[in-house]
Colleague: 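Structure below; questions to follow.
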Amino acid sequence: MEIPSVIQAGTYLHILDTIRNKGSTSTGPFSLQYYLEKESDPDSDTYISTQIVDNLVPGGQKTLNFSSPVPADMAPGTYHVIRIIQVNDIVLSSGSEMEVSGLLSDITIMGLEEGSLSGFFESFDSSLPLGEEYSIKSWIRNTNETYPVISKLSYYLSATGLIDENLIFLGESPEITIANMGESYEDSRIIVHEQIPEGDYYLIASFLPIGVSEGYSELYWVSENPVFVENAKPLVTPVVTINQVQTTSEPDLTTVKTEYPDIMNIGESFQISDSVQNIGGTVAGIVRVEYLLSSYDDGSKGTHLAWWTMHNVKPGEIRSSEETLGIPSNIRPGIYYFSKKISVTSNPPEVNTDNNYWTGNRPVRVEYSPTAKIPDLTHINTKFPRGIPGDTVEIIDTITNIGNACANNVAVAYYLSPYSDFDPSTATYLGVWNVDRICVGEQLVKTTPVTILSELKNGVYYWYSVIDPCSFMSYCGDEMPELDKSNNINVGRFVIGPCVFGYC
């Protein structure tokens, strides 16, 4: 692992990490989590990044080259950069033949007051056109006499000019290296998304993503005057007429083509491209298209998202539109199917309605936005015990919050199952660890005693540590909102009796 010897809080840490598979089989997918641990306080880990590796063949290696923001409130001192390898939701730490140790590297972090980053906008237009690329020019300066710094500029719009929860993220610059006592001119290219409402906004640039730098005014600056965000290109609905054999003498509406995104964020909007055609013999006076989101692959029992209304669609005519839809905040994360229903609400009515229903042939993932003020809990390490039927043993669990908000009333439940895939209907509940509150970057450790069922027979079983078990049980009640549920389960192998398949 290659890291700088000294960095400043409020900047980016650049890590060049090379890993190699020395085993005789391929690894499959795994992740590497990176933390900063203060040398004088080993219990004060600060999460900085997660990197995903799809696979390493025997003898294969991969170099990870990335930069992660270092929080502005990091206390000065010497830190270890800790790398933890996690495979299939099992944290692999030192102390076992089946586990891989993390790597420690030292780095000195200077406090924010020990260095000085500053920046300002050079100039910008008084208006920003929606949907077009826009140039933001900035001068940034590093007044530290000894050390260069690495940074990125994140750009936002604010209706008030204040740092609050209503900031609109525009994008970020590439990585910038600023020499000691040096200046850098940055010309960033961004696109003002068409979903942004028209109006006056202040432009904000920040050396760290807002949230990491929140409260530290040295790390961001705001434009002196607001800019006007305007829709310079009003949406024009194209009208296409083609020769088509009429199916009926009445209106007959059907879908031509619908394009939609693979991922939709809860509480946010997204765009689709849609086209419908009147293949009937009469003008359709009023046509309404309802968009829905369904848990079923046939599109049934869908949740309403939005309407698209058209007037006077002629025989053979195709109408196309770019529609903005939103995911309601009460929809749970998961896999859904995007569907729609076409209706003619005028006279003459539509007789053939069999082709009015449409469901996408690929599912969409509905999840929380990575920038949402929502927690994300994950395991750091789970030490599952050994024992025999009837024993009372201890599970030592360490969890952390890598999300963007504190989590309250968290439950970590423990199970034992004969199956390697977790299913609450086939697993035996053993006990629970209740956590009142865990905030961003915080780590908690708990030893929980559990009793191994006395009636278990010889064979292979699996321990499970499940954060927020209600996420996996339809009958459990309300689950806890999280950015990502895929990191909520840790599993460990448990063998009763003589060696089974070479493992004891």
Side-chain angles (χ1 to χ4, degrees), residues 1-22 27 29-53 56 61-111 150 208-209 212 375-384 396-404 438-447 465 467 484 487-488 490 492:
M1 183 190 295
E2 297 181 16
I3 59 174
S5 58
V6 180
I7 64 168
Q8 178 187 315
T11 64
Y12 279 73
L13 169 59
H14 190 96
I15 296 178
L16 193 67
D17 195 9
T18 302
I19 55 176
R20 182 182 177 189
N21 179 10
K22 294 183 178 180
T27 63
F30 63 95
S31 64
L32 298 99
Q33 297 177 349
Y34 295 82
Y35 296 82
L36 289 171
E37 177 189 88
K38 194 168 186 181
E39 188 177 53
S40 59
D41 186 7
D43 295 327
S44 61
D45 291 355
T46 299
Y47 168 84
I48 55 173
S49 181
T50 295
Q51 301 293 315
I52 306 297
V53 178
L56 281 181
Q61 71 174 42
K62 181 178 181 63
T63 298
L64 302 170
N65 188 352
F66 62 96
S67 297
S68 295
V70 177
D73 59 357
M74 293 290 289
T78 300
Y79 287 78
H80 301 305
V81 179
I82 302 175
R83 178 188 67 188
I84 299 177
I85 302 176
Q86 184 169 347
V87 181
N88 295 330
D89 294 330
I90 305 174
V91 173
L92 304 180
S93 57
S94 60
S96 169
E97 293 180 358
M98 298 182 64
E99 296 171 336
V100 180
S101 65
L103 183 67
L104 299 178
S105 297
D106 290 340
I107 188 171
T108 299
I109 296 182
M110 301 183 299
I150 295 175
L208 290 184
V212 179
D376 184 3
L377 303 185
T378 185
H379 295 86
I380 295 295
N381 191 18
T382 305
K383 294 183 180 179
F384 293 112
I396 305 174
D397 217 351
T398 306
I399 64 172
T400 189
N401 184 352
I402 59 175
N404 299 318
I438 179 171
C439 289
V440 178
E442 184 178 0
Q443 290 188 18
L444 298 177
V445 182
K446 174 73 172 180
T447 299
S465 172
I467 302 174
D484 183 10
N487 54 10
N488 282 26
N490 248 8

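Residue numbers count from 1 along this sequence. For the numbers below, each heavy atom of this structure counts, side chains included, while hydrogens, waters and symmetry mates do not.
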Colleague: For T447, enumerate each residue passing the side-chain contact (heavy atoms from CB on, under 4.5 Å) test, keeping only those at least two apart in sequence or located in another chain.
Modeller: E394, I396
Colleague: Checking T78 now: which residues fulfil side chain to side chain donor-acceptor pair (under 3.5 Å) with it, not counting sequence neighbours?
Modeller: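 For T78 there are no side chain to side chain donor-acceptor pair (under 3.5 Å) partners, ignoring immediate neighbours.
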Colleague: Looking just at side-chain N and O atoms, do N21 and T27 make a donor-acceptor pair shorter than 3.5 Å?
Modeller: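 No, T27 and N21 have no side-chain donor paired with an acceptor closer than 3.5 Å.
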Colleague: To the nearest 0.5 Å, what is the distance between CD1 on I109 and CD1 on I107?
Modeller: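 Here the interatomic distance stands at 6.0 Å.
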Colleague: Can you tell me how far CD1 of I467 sits from CG of N401, rounded to the nearest 0.5 angstrom?
Modeller: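 Between N401 CG and I467 CD1, I get 9.5 Å after rounding to 0.5 Å.
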Colleague: Take D376 and N487 through the side-chain contact (heavy atoms from CB on, under 4.5 Å) test and state the conclusion after the steps.
Modeller: CA-CA 9 Å; D376 184 3; N487 54 10; 3.4 Å; yes
Colleague: Residues in side-chain contact (heavy atoms from CB on, under 4.5 Å) with T50, at least two apart?
Modeller: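 T50: side-chain contact (heavy atoms from CB on, under 4.5 Å) contacts with S31, Q33, Y47, I52.
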Colleague: With a 4.5 Å heavy-atom cut-off, do I85 and I19 have their side chains touching?
Modeller: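 Sidechains of I19 and I85: no contact.
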Colleague: Who passes ring pair (Phe, Tyr, Trp, His ring centres under 6.0 Å) against Y34, sequence neighbours left out?
Modeller: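 By the ring pair (Phe, Tyr, Trp, His ring centres under 6.0 Å) rule, Y34 matches F66.
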Colleague: Looking at side-chain heavy atoms only, is the closest gap between L64 and I15 below 4.5 Å?
Modeller: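 L64 does not reach I15 side chain to side chain.
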Colleague: Measure the spacing between CD of Q51 and OG of S68 and express it to the nearest 0.5 Å.
Modeller: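 Reported to 0.5 Å precision, the distance equals 6.5 Å.
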Colleague: For residues L208 and Y12, determine if any side-chain heavy atom of one lies less than 4.5 Å from a side-chain heavy atom of the other.
Modeller: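 They are in contact (side-chain heavy atoms under 4.5 Å apart), so the answer is yes.
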Colleague: What residues form a side-chain contact (heavy atoms from CB on, under 4.5 Å) with S5, not counting sequence neighbours?
Modeller: none
Colleague: What's the spacing between M110 CE and M74 CE if we round to 0.5 Å?
Modeller: 13.0 Å
Colleague: Of all the heavy-atom pairs spanning K38 and A75, show the shortest one and how long it is.
Modeller: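 Closest heavy-atom pair between K38 and A75: NZ-CB, 3.7 Å.
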Colleague: Quick one, I150 and T11 - any side-chain contact, counting heavy atoms below 4.5 Å?
Modeller: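 They are not in side-chain contact.
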Colleague: Could you list the residues that satisfy side chain to side chain donor-acceptor pair (under 3.5 Å) with N404, not counting sequence neighbours?
Modeller: none
Colleague: If you measure from CG on D17 to CD on E2, what distance do you get to the nearest 0.5 Å?
Modeller: 9.5 Å
Colleague: What pairs with T400 under side-chain contact (heavy atoms from CB on, under 4.5 Å), at least two apart in sequence or on another chain?
Modeller: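 T400 satisfies side-chain contact (heavy atoms from CB on, under 4.5 Å) with Y35, T378, I380, I402, Q443 only.
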